[in-house]
Amino acid sequence: MTQQPQAKYRKDYKSPDFTITHLDLAFDLEASQTRVVAKSRVKQLTEGADSLLLDGDSLVLKRVEINGSSWSNYEETEEGLLLSDLPAQFELLIETEINPEANSSLEGLYLSDGAYCTQCEAEGFRRITYYLDRPDVLAKFTTKITADKASFPFLLSNGNKIGEGELENGRHWVQWEDPYAKPSYLFALVAGDFDLLEDTFTTKSGREVALQIFVDKGNLNRAPHAMTSLKNSMKWDEERFGLEYDLDIYMIVAVDFFNMGAMENKGLNVFNSKFVLANSDTATDTDYLGIEAVIGHEYFHNWTGNRVTCRDWFQLSLKEGLTVFRDQEFSSDLGSRAVNRINNVRIMRGPQFAEDCSPMAHPIRPEKVIEMNNFYTLTVYEKGSEVIRMMHTLLGEANFQKGMKLYFERHDGTAATCEDFVKAMEDASGIDLGQFRLWYSQSGTPVLDVTTAYDASAKTFAMTVKQHTPATADQKEKQPLLIPFDIELYAQDGSVIELQRNGQKVDNVLHVTDAEQTFVFEGVNEAPKVSMLREFSAPVKLNYDYSDEELAFLMVHARNEFARWDAGQMLLAKHIKANVARVQSGESVEIPADVIDAFRGVLLNKELDVALIAEVMTLPSENEIGGWFDVVDVDAINLVRDAFKSAFAKELEDELSAVYHTLAQDEYSIDHAAIGKRTLRNVCLGYLALNGQGDELVNAHYAGSKNMTDTAAALGAANHAQLPCRAALMQSFSDKWQHDGLVMDKWFMLQGCNPAANALENVKAQMSHPTFSLKNPNRTRSLIASFCNNNPVHFHAKDGSGYQFLSDILIQLNESNPQVASRLIDPLLKLKRFDEQRQKLMRAELERLASLNNLAKDLYEKINKALEA
Ligand code: 7MK
Ligand code: ZN
């Protein structure tokens, strides 16, 4: 590294001295020498300014002209191109040469299996040409693409096609025009040969929009679900948010090499093929639902992200938190609201809470950034969505929609801030969000400690709520937040006790605002059972000393499905925690019969949605359990969790078996009822695999499977239970699918999570599998990241072999793809959560990485924080 990477601070935001209003791009595509001619219309914003620094990275400069004449008043610097002696308004021409073939970082313009594609968010456009690569510079783009016609019949960019033609030497060109001004991060270019699925959508105002999905040749039969999801998204955004699509064409391209899930480039989304391609032979139900969510997410960005974009990258949650909230609502309106909420809450309580107590802790609107790619985090996205959801809870749907309307009235076509959004919500609803704003600037997970007291003579029930937020790596002092705290009281017969304070009927959502507060409810005729933090009404940890009997009661009587599930989780948490302590002091695992019985009751309840039963019967992950302790004991946690699984399997064998057999389906369909049945049946399979007949049952499940959901469930059960059939089933799957990386990702993932003693040796061996490649981020994640994140016993092996394995891989990825490296390193940053011996080993690997002389900014920022802490 030539110099230490520099941090940028939110407080230092300054609008640019010049802006660019129009950009005409021309690409001459060649694998190793692509020419880019960029003509910009530049306008001075700050009077007297006469120099301009354009961002640039890995570019070869060929030509600079201003107003049609060659210009020599420039300097190439570390960060880009510094132009000087500039007039107030001018036309700038810059010609650069880039090398897509050598671009393994998958940022900027690169080749994915022979097709050109781009990824520009956050700061990838500077790898294409010198530019004001910041989201508050909005320009109207035209893009002309020239390439060999036989290899690249499709030449795509943002907006509408405005011209095309043939050239000599077998080349052709196409020109595109995007009528909406946009920041550079929303630019996209794709060139390749694809199969094309086409459809149309008629908007509520009667305009017909052409819909096109481009997939690798031969994959057309895996594109229909993405198309259905797109049409559902367009319709839902009209119905729920009143938002209509604004161009005549919407294109989606699926590529195999992609660092993230997908990208919302205006009119031309680029997707990781994982979030487009699905049919029942190749994709699981989870894949189908993931596609629906991501297609929705990128589509919803057209308004929340593109029409209104971000002023600077510190405001990322403005578009991401809001768009995640929108995609969660979309999935909840189309499917099961409870199941969606449960899965989102699992992400919050597991990985997001873990991020909050890691060296990377940050508020949803970060204050300080070295590498922006490091801030596409669970905190910005998922907690960001929870913050929007809390506003929705506080305002209600009608006021929230008024706020959205006002937000678009004020900010359409501009680059806005998180403050602009909150202000619109506040102004539209008349509700004071003063204290609420702290959620944007304060990091960490607040903790609520609740105690209650029932006064039989006064017939009052008092709830005392204390809140505190533990210090985080980035921020020591914390203040009380406004926490919407949704509760309900029940009488012993299960009836709801109306909430009444100071003689008034009150809402279920209490406003917790102080460090300590007591809420007294009147007219409570018996000691009530309390359901708290219903719907996870705020992203906080809740401590309340529930008895088993109270939790078992809530599992049956709570009025909403989420609260029932949550009561089950609390019951499990209580006993898992207690047993981890028992195991640590040399005692055996003990699970009271009343705990098992509570779950038996759920399993046998004919009234409940089967999809909800499946969630109730699913234990919290090892990672989530780890989050409950100051020092994570991976071995004890693994032992206790397995003991719970085995106990459920044994004690509930008859019930599980009955449910398993009644839920068999003859036909495959992807409607939610069918998904629910498969999910519960496969949860049962996972337990039954642990019993005496497990091998036979799983073998038969695999053999009889007619879809990937059941096939993957059989493999997963065989893997987890280490059944005798495991090896043969894994071999059979690999023989069948080794030509298909996306399908093999499921197999690699199981290799990563293999509980066998030789898991690490086996993972290393699978890196030579013909389908594996470290160059492909999906393969890397499925094998390597699954080992490091979801196989804690082996990743955290006491001899440090897991840590060393990860850092060996990071050394390679640091050069080829720093962004993927930087996501992969996360488990190593959490060293402080482990015992001293492990900490020492993890620290040694971090130090080894820190000493690399070509350490990328991405890893530099994270490693530095981890070693500083
Ligand atoms: C989701 C940015 C893109 C992490 C999660 C996504 C990214 C990173 C998809 C890439 C997105 N704007 O739409 O948010
Ligand atoms: Zn997004």
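Whatever order the structure lists ligands and atoms in, that order sets their numbers, starting from 1. Numbers here simply count residues along the sequence, with the first being 1. Below, each value reflects all heavy atoms present in this structure, side chains not excepted, and no hydrogens, waters or symmetry copies.
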Step-by-step side chain to side chain contact (heavy atoms under 4.5 Å, CB included) determination, Gln119 to Met260: CA-CA 10 Å; Gln119 172 55 37; Met260 297 162 304; 3.7 Å; yes

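- Listed by chain and number, the residues in a side chain to side chain contact (heavy atoms under 4.5 Å, CB included) with Pro183 are Pro135, Leu138, Tyr185, Leu186, Thr309 (sequence neighbours excluded).
- When each of Phe241, Tyr299, Phe300 is tested with Phe330 by the rule ring-ring contact (aromatic ring centres under 6.0 Å, His included), just one qualifies, namely Phe300.
- When distances from the Zn ion (ligand 2) to the N, O or S atoms of His301 are compared, NE2 comes out shortest.
- Within the 3.5 Å criterion, the main-chain N or O of Ser233 finds no donor-acceptor partner in the side chain of Asp237.
- For the Zn ion (ligand 2), the nearest N, O or S atom contributed by His297 is named NE2.
- Counting heavy atoms from C-beta outward, His411 and Phe421 have side chains that stay 4.5 Å or more apart.
- For the 3.5 Å distance criterion, the side chains of Ser273 and Asp256 qualify, holding a donor opposite an acceptor.
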For the pair Phe258 and Phe271, evaluate ring pair (Phe, Tyr, Trp, His ring centres under 6.0 Å) and give the outcome as yes or no after the intermediate values. CA-CA 7 Å; Phe258 204 69; Phe271 270 62; 8.2 Å; no

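- The nearest N, O or S atom of Glu320 is closer to the Zn ion (ligand 2) than 2.8 Å.
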Run through all N or O atoms in ligand 1 and write down each protein N or O closer than 3.5 Å, as a pair with its distance.
| from | atom 1 | to | atom 2 | distance (Å) |
| --- | --- | --- | --- | --- |
| ligand 1 | 12 (N) | Glu121 | OE1 | 2.6 |
| ligand 1 | 12 (N) | Glu264 | OE1 | 2.5 |
| ligand 1 | 12 (N) | Glu264 | OE2 | 3.3 |
| ligand 1 | 12 (N) | Lys319 | NZ | 3.4 |
| ligand 1 | 12 (N) | Glu320 | OE2 | 3.0 |
| ligand 1 | 13 (O) | Glu264 | OE1 | 3.1 |
| ligand 1 | 13 (O) | His297 | NE2 | 3.3 |
| ligand 1 | 13 (O) | Glu298 | OE1 | 2.7 |
| ligand 1 | 13 (O) | Glu298 | OE2 | 2.9 |
| ligand 1 | 13 (O) | His301 | NE2 | 3.3 |
| ligand 1 | 14 (O) | His297 | NE2 | 3.3 |
| ligand 1 | 14 (O) | Glu320 | OE1 | 2.9 |
| ligand 1 | 14 (O) | Glu320 | OE2 | 2.9 |
| ligand 1 | 14 (O) | Tyr381 | OH | 2.6 |

